Amino acid sequence: MTQPKRLARYPQLYSRIGFAHEYRQLSADELTAVLARRLPAEGEATDGGVAHATAIATIVRITAGNFRLVDRLLTQIERVQTVNDLNELTPEVVEAARQALLIGH
């Protein structure tokens, strides 16, 4: 089991470490790698992948490369998709996750 997964089992400790440790802003390549690893690839979208690309751009805009915020937002996106039985990533899913976390514009 990886270190972050072990820490995630202790949410209060994981949260305090996240607040105490200052992450530098992710570069464009690093952010792309994190998003590619955590988000499923666009499927057989009827819009040619426009919604997926727009959702990714929205995530980038909201988080501005802040790793802690990216991690929290992606976790919330996964929850929104699971609860609503959604497979596609859309800007609406990202917005619902943002609102649930009370992240500003």
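Here the structure is a predicted model, which means the values were calculated and not measured.
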Original post:
Would you say the side chain of L35 lies within less than 4.5 Å of the side chain of V60, judging by non-hydrogen atoms?
Top reply: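 Touching, per the 4.5 Å side-chain cut-off.
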Original post:
Are any non-hydrogen side-chain atoms of L26 and T63 less than 4.5 angstrom apart?
Top reply: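 With C-beta onward as the side chain, the pair stays apart.
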Euclidean distance, [Y] [atom2] relative to [X] [atom1], rounded to 0.5 Å:
| X | Y | atom1 | atom2 | answer |
| --- | --- | --- | --- | --- |
| L39 | Q81 | CG | CD | 7.5 Å |
| L86 | E92 | CG | CD | 10.0 Å |
| I62 | E95 | CD1 | CD | 6.0 Å |
| T54 | R61 | OG1 | CZ | 11.0 Å |
| L69 | Q25 | CG | CD | 11.0 Å |

**OP:** Check T82, L101, L89 against I77 for a side-chain contact (heavy atoms from CB on, under 4.5 Å) and give me the one that passes.
**Re:**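 Testing I77 for a side-chain contact (heavy atoms from CB on, under 4.5 Å) against T82, L101, L89 leaves exactly one candidate, L89.
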**OP:** Write down the atom of P91, the atom of A55, and the distance for their closest heavy-atom approach.
**Re:**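 Result for this residue pair: N-CB, 3.7 Å.
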Subject >> Test log, rule side chain to side chain contact (heavy atoms under 4.5 Å, CB included), inputs L74 and I59 >> reply: CA-CA 9 Å; L74 292 177; I59 293 169; 4.1 Å; yes
Original post:
Using a distance-only test with no angle check, is there a side-chain donor-acceptor pair under 3.5 angstrom linking R38 and T75?
Top reply: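 Side-chain D/A pair, R38 to T75: present.
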